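First the proteins, then the strands, lettered A, B, ... as listed; each starts at 1. In this text the structure is predicted, and so the values were computed from the model without any measurement. All values below were derived from every heavy atom in this structure, side-chain atoms included, with hydrogens, water molecules and symmetry-related copies excluded.
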Protein chains: 2
Amino acid sequence: MTTTRDATAPGLARLAGLIADETRAACLLALLDGRAWTAGELARHAGVAASTLSEHLGKLVAGGLLAEERQGRHRYVRLADARVAQLVEELAAQVAPGDAARRPRTLREAGAGAAMARGRTCYDHLAGRLGIAVTDAFTARGLLRQDTGFALTDAGLDWFDRAGIRLVRTGRRPLARACLDWTERRPHLAGVAGAALCRHALDTGWCVRIGSERAVKVTAAGEEALSGLLGIDPVALR
Amino acid sequence: MTTTRDATAPGLARLAGLIADETRAACLLALLDGRAWTAGELARHAGVAASTLSEHLGKLVAGGLLAEERQGRHRYVRLADARVAQLVEELAAQVAPGDAARRPRTLREAGAGAAMARGRTCYDHLAGRLGIAVTDAFTARGLLRQDTGFALTDAGLDWFDRAGIRLVRTGRRPLARACLDWTERRPHLAGVAGAALCRHALDTGWCVRIGSERAVKVTAAGEEALSGLLGIDPVALR
DNA sequence: AGGACGGTTCGGCGGGGACCGAACGGTTCG
DNA sequence: CGAACCGTTCGGTCCCCGCCGAACCGTCCT
């Protein structure tokens with residue numbers, strides 16, 4: 001029994017090894033926006049040669065972290081599923097506390113940072129101050145219970161129903177889940193409900209994406225809707 | 001903006017790198033039992049020279065994953081906190097689906113495996129069939145809500161109160177949290193409530209540890225208590 | 001058809017890190 | 001005090017892996 005090395009260890013090491021490279025880590029973080037990127041975009045983003053990135057993508061796909069979809073001469077990749085997104089998120093959140101030198105270097109970086117802090121998508125749900133505001137409003141109105149865990153209340157289910165947002169349970173994914181935001185350091189709504197809400201917000205024009213990044217902006221219609229349905233002060237979102 | 005490499009990437013890669021070695025992974029998994037191990041025990045467990053393991057421990061401690069405590073000529077290490085335990089758990093759970101060749105090799109391995117499957121600690125809470133049984137009983141009795149997330153109900157808070165188990169909120173740790181068990185593939189109760197319950201169970205003799213492993217056994221007193229307080233059929237725990 | 005472009009494969013280079021054994025310092029016990 | 005024991009430090013070896021540029025293949029556009 002000495003050397004009862006847990007059979008899980010090799011797999012765990014292999015999985016962590018996929019994330020343990022700075023270039024691959026940068027890719028995973030970029031893909032946290034939930035969209036599909038081409039290999040070239042990722043190569044430019046990470047600052048390495050296309051050939052290098054191609055190999056990285058091969059490993060990430062083989063390891064099950066990414067899903068790929070080939071279209072013509074393009075190779076699109078995205079995070080394999082919500083589970084992987086949660087994993088990367090969680091690891092990143094553990095790291096964030098050590099965010100030394102967090103000051104922006106340039107003006108446009110400052111602008112982009114501010115926009116991201118205001119509102120963004122985190123894989124498939126809302127994050128940033130916007131995500132926090134929504135989550136807080138849910139909690140304050142008794143739609144979400146955070147004091148004894150993290151779950152929607154019956155009133156919360158009603159709210160989604162009345163807002164015309166359908167919650168479809170899929171597989172084992174929880175209806176509501178806390179996602180720890182790494183700019184706000186506070187939990188916000190993720191899971192099926194978070195994804196449905198985000199999708200609804202983008203579909204109905206409550207929010208729009210800014211540029212091609214994952215930052216989002218609340219529209220005038222969105223301010224009205226969020227104010228009316230959840231009592232969120234529009235000023236807090238600007 | 002090309003090469004807008006996320007500032008989090010280096011930290012993420014470094015963190016993952018700590019887990020990306022098979023020997024270190026084996027240590028982390030072993031430490032998931034929540035107890036403190038000596039360097040020598042871990043070296044034997046992992047099957048490497050003491051000198052090698054010493055370096056690994058240095059890195060894990062420096063990286064904040066382990067906490068150390070020196071006593072005489074011994075160096076005890078344990079997981080730094082519940083957050084780290086959750087991280088390792090979650091990564092291991094992602095790996096587990098690929099549990100090919102899960103058959104036990106020897107009789108005693110089969111015995112140990114069966115005991116672990118029956119009941120064990122997972123860092124600081126109960127897992128295995130025992131953990132599932134408790135969680136299911138909580139849910140069936142309306143003490144825990146799993147359909148819309150994962151949270152104790154008011155009745156659940158009452159139950160802990162009446163059982164004389166105090167729940168002390170500490171820092172940001174959630175009162176109730178789902179931990180995905182990798183033998184049962186189902187969520188069970190973790191967080192402050194899970195830890196308090198496990199501690200109470202061990203303190204009052206509802207359960208006892210088997211040998212020096214993390215497997216636990218329900219005692220006669222435990223069967224009575226769990227049956228009386230939660231309506232759990234004692235036979236299901238054997 | 002021809003040229004531009006996205007992605008992949010391959011050879012070669014370089015660095016980091018996991019491992020061991022030997023030697024050493026501290027602690028415990030006879 | 002000396003012997004056994006636990007852990008650490010150090011030198012040295014070896015292998016893995018991330019990186020690039022060049023050549024190549026397939027797709028898209030004109």
Side-chain angles (χ1 to χ4, degrees), chain A residues 2-3 5 9-31 35-63 65-78 212, chain B residues 2-3 5 9-31 35-63 65-78 212:
Chain A
T2 52
T3 315
R5 201 155 189 152
L12 175 55
R14 227 179 317 120
L15 172 59
L18 286 175
I19 314 176
D21 175 80
E22 192 172 325
T23 299
R24 286 196 293 267
C27 291
L28 291 170
L29 288 172
L31 290 165
R35 296 174 310 145
W37 292 49
T38 68
E41 285 171 338
L42 283 173
R44 280 187 296 278
H45 175 78
V48 296
S51 60
T52 300
L53 202 111
S54 178
E55 290 170 10
H56 285 310
L57 289 188
K59 292 180 187 183
L60 290 171
V61 170
L65 294 187
L66 299 189
E68 70 180 351
E69 197 172 334
R70 305 184 106 105
Q71 272 180 27
R73 59 179 166 182
H74 292 281
R75 179 194 204 176
Y76 285 95
V77 293
R78 53 184 166 72
S212 62
Chain B
T2 53
T3 314
R5 201 156 189 149
L12 175 55
R14 227 177 317 118
L15 172 59
L18 287 175
I19 314 177
D21 175 80
E22 192 171 325
T23 299
R24 287 196 294 267
C27 291
L28 291 170
L29 288 172
L31 289 165
R35 295 174 309 144
W37 292 50
T38 67
E41 284 171 338
L42 284 174
R44 277 187 297 277
H45 176 77
V48 297
S51 60
T52 300
L53 202 112
S54 178
E55 291 171 10
H56 286 310
L57 289 188
K59 293 180 187 183
L60 289 171
V61 170
L65 294 188
L66 299 189
E68 68 180 352
E69 198 173 332
R70 306 183 106 104
Q71 273 180 28
R73 60 181 165 180
H74 292 282
R75 179 194 203 178
Y76 285 95
V77 293
R78 51 183 168 73
S212 61

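Atom-to-atom distance recorded for B:H45:NE2 and B:T38:OG1 is 12.0 Å, nearest 0.5 angstrom. Taken from CD in A:E22 to CZ in B:R14, the straight-line distance is 8.5 Å, to the nearest 0.5 Å. Atoms CG and CG, on A:L18 and A:L28 in that order, are 8.5 Å from each other to the nearest 0.5 Å. Of the inter-residue distances, the one linking B:E41 atom CD with B:Y76 atom OH reads 7.0 Å to the nearest 0.5 angstrom.
The interatomic distance linking B:R14 (CZ) with C:dG17 (C1') rounds to 16 Å, in whole Å. As a whole-Å value, the separation of A:H45 NE2 from C:dG6 C1' is 19 Å. What separates CG of A:L60 from P of C:dT8 is a distance of 13 Å, to the nearest Å. Rounded to whole Å, the distance from NE2 on A:H56 to C1' on C:dT8 is 14 Å. Rounding to whole angstrom units, CD of residue B:E22 and C1' of D:dC16 are separated by 14 Å. In this structure, CG of B:L42 is placed 14 Å from P of D:dC6, rounded to the nearest angstrom. When the P atom of D:dC6 is taken as reference, atom CH2 of B:W37 falls 16 Å away, rounded to whole Å.
For the salt bridge (charged side-chain N to carboxylate O under 4.0 Å, His left out) test, no residue two or more places apart in sequence or in another chain qualifies with B:E55. For A:T52, the side-chain contact (heavy atoms from CB on, under 4.5 Å) criterion is met by A:V48, A:A49, A:H56, not counting sequence neighbours. Looking at residues two or more places apart in sequence or on another chain, you find a side-chain contact (heavy atoms from CB on, under 4.5 Å) between B:L57 and B:A39, B:L42, B:L53, B:L66, B:R75, B:V77.
The side chain of B:K59 contributes no N or O atom lying less than 4.0 Å from OP1 or OP2 of C:dG17. An OP1 or OP2 oxygen of C:dT28 is reached within less than 4.0 angstrom by no side-chain nitrogen or oxygen of B:H74.
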Below 3.5 Å is the cut-off: list the nitrogen or oxygen pairs between protein and nucleotides 8-14 of chain D, distance only.
residue, atom, partner, partner atom, Å
D:dT8, OP1, B:R70, NH2, 2.9
D:dT8, OP1, B:R75, NE, 3.3
D:dT8, OP1, B:R75, NH1, 2.7
D:dT8, OP2, B:S54, OG, 2.6
D:dT8, OP2, B:R75, NH1, 3.3
D:dT8, O5', B:S54, OG, 3.3

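Nearest to the side chain of B:A49, among C:dC20, C:dG7, D:dC19, sits C:dC20.
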Can you check each nucleotide of nucleotides 24-30 of chain D against protein heavy atoms at under 4.0 Å and return B for base, S for sugar-phosphate only, - for none, in 5' to 3' order?
--BBS--

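The two residues A:A50 and A:A43 come nearest to each other via the heavy atoms CA-CB, 4.2 Å. Residues B:A20 and A:A20 approach most closely at CB-CB, 3.9 Å, considering heavy atoms.
A:I19 places a side-chain heavy atom less than 4.5 Å from the side chain of A:L65.
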Under the rule of Watson-Crick or G-U wobble with both distances under 3.5 Å, where | means paired to another strand and [ ] a crossing pair, DNA chain C maps to ||||||||||||||||||||||||||||||

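Using modelled atom types, no side-chain atom of A:R24 and backbone atom of B:A13 make a donor-acceptor pair closer than 3.5 Å.
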